[in-house]
Amino acid sequence: MMDMIRTFDKHTLVREKKIIRFIADHLSEQNKNEARLLYGDVSFFNVLMDEAEATETGFVLFSDTGEPRGVGGICENKTSWFVLTEHTTTELHVAWLKHGRRWFAEQLAKYGRVYGYCCVDNTLSMKWMKWLGFDFAAPDSEATATINGKKFLYFQKNY
């Protein structure tokens, strides 16, 4: 069994391009819908590569058989991003949560604060972020953004 999580940075991103292509081709519906709201009719691969290229510290999640299931990271401006594939299972979420919690704790120690926005419809990402200890702004707060008619909730976690 291979590691379920592998990290990358700007220097090692080139080895992840094939993996990012796979993830882009198999994005979950929630992530596809959120990407369409944010970027319109753009290639999911291009969106993910742009995010990955802006990432200072990133990670790729794998199934127990070694198939890519998610990618994300923290950009230089301290924003967080993360997407999953359509084939992700509940069992894998539990294992990833444990890895993710440790990884985010390390990143918070480094950055001091991590933040971002999540579409209110992306309930899976919101549950994961809340479990990691991120605080979300209320849907009616000034921190909430409305993009193409959908609310994107601001989230953050401080060290």
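- Both the sub-6.0 Å distance and the 45° axial angle are not jointly satisfied by Lys78 relative to the ring of Tyr115.
- Using a 4.5 Å heavy-atom threshold, the side chains of Glu51 and Cys75 count as touching.
- Residue pairs meeting the salt bridge (charged side-chain N to carboxylate O under 4.0 Å, His left out) criterion with at least one partner in residues 18-43, sequence neighbours excluded, are Glu29-Lys32.
- Considering only residues two or more places apart in sequence or on other chains, Ala52 meets the side-chain contact (heavy atoms from CB on, under 4.5 Å) condition with Phe8, Leu13, Ile20, Trp81.
- A distance below 6.0 Å separates the ring centres of Phe104 and Phe134.
- Two different hydrophobic clusters hold Val42 and Phe44 under the rule that ILVMFWY side chains link at heavy-atom gaps under 4.5 Å.
- Under 3.5 Å, the side chains of Thr123 and Gln30 contain a donor-acceptor pair of N or O atoms.
- Minimum heavy-atom separation, Tyr117 to Phe155: N-CE2, 3.4 Å.
- Formation of a donor-acceptor pair under 3.5 Å by the Ser125 side chain with backbone atoms of Asn122 is not found in this model.
- Interatomic distance, Leu108 CG to Leu132 CG, rounded to the nearest 0.5 Å: 9.0 Å.
- A pairwise comparison of heavy atoms in Met126 and Cys118 identifies CG-SG, 3.5 Å as the closest pair.
- For Arg69 against Ser63, the heavy-atom pair with the smallest separation is CG-N, 3.8 Å.
- Note: the hydrophobic cluster containing Val47 does not contain Met49 (ILVMFWY, side chain heavy atoms under 4.5 Å, direct or indirect links).
- The two residues Gln156 and Asn158 make their nearest non-hydrogen contact at NE2-ND2, 3.5 Å.
- In terms of modelled atom types and a separation under 3.5 Å, the side chain of Thr55 and the main chain of Thr57 share no donor-acceptor contact.
- Between Glu86 and Leu27, the closest side-chain pair of non-hydrogen atoms is not below 4.5 Å.
- For the atom pair OG1 of Thr7 and CD of Gln107, the computed distance is 8.5 Å after rounding to the nearest 0.5 Å.
- Applying the salt bridge (charged side-chain N to carboxylate O under 4.0 Å, His left out) test to every pair with at least one member in residues 107-121, sequence neighbours left out, gives these pairs: Glu56-Lys110, Asp121-Lys150.
- Across all non-hydrogen atoms, the minimal contact from Ala137 to Thr144 is CB-OG1, 4.3 Å.
- In the hydrophobic cluster analysis, where Ile, Leu, Val, Met, Phe, Trp and Tyr join through side-chain heavy atoms closer than 4.5 angstrom, Val120 is grouped apart from Ile147.
- In this structure, Lys130 NZ and Asp135 CG are separated by 10.0 Å, a value rounded to the nearest 0.5 Å.
- In terms of modelled atom types and a separation under 3.5 Å, the side chain of Ser28 and the main chain of Asn31 share a donor-acceptor contact.
- Closest heavy-atom contact between Met129 and Ser80: CE-OG, 4.1 Å.
- You'll find the side chain of Val83 reaches within 4.5 Å of the side chain of Ile23, heavy atoms only.
- Put simply, SG on Cys119 and CG on Asn33 are 8.0 Å apart, with the number rounded to the nearest 0.5 Å.
- By the criterion of side-chain heavy atoms lying less than 4.5 angstrom apart, applied directly or through intervening Ile, Leu, Val, Met, Phe, Trp or Tyr residues, Tyr154 is not grouped with Val114; the two fall into different hydrophobic clusters.
- Tracing side-chain contacts under 4.5 Å through hydrophobic residues (I, L, V, M, F, W, Y), one reaches Leu84 starting from Ile74; they form part of the same cluster.
- A centroid separation of less than 6.0 Å is found between the aromatic rings of Phe59 and Phe82.
- Two residues are said to be in side-chain contact when any heavy atoms from C-beta on lie closer than 4.5 Å; Tyr39 and Asp50 fail this criterion.
- Here the straight-line distance linking atom OG of Ser141 with atom CG of Leu153 works out to 7.5 Å at 0.5 Å rounding.
- For the pair Val60/Glu16, a side-chain contact is recorded, criterion being any heavy-atom separation below 4.5 Å from C-beta on.
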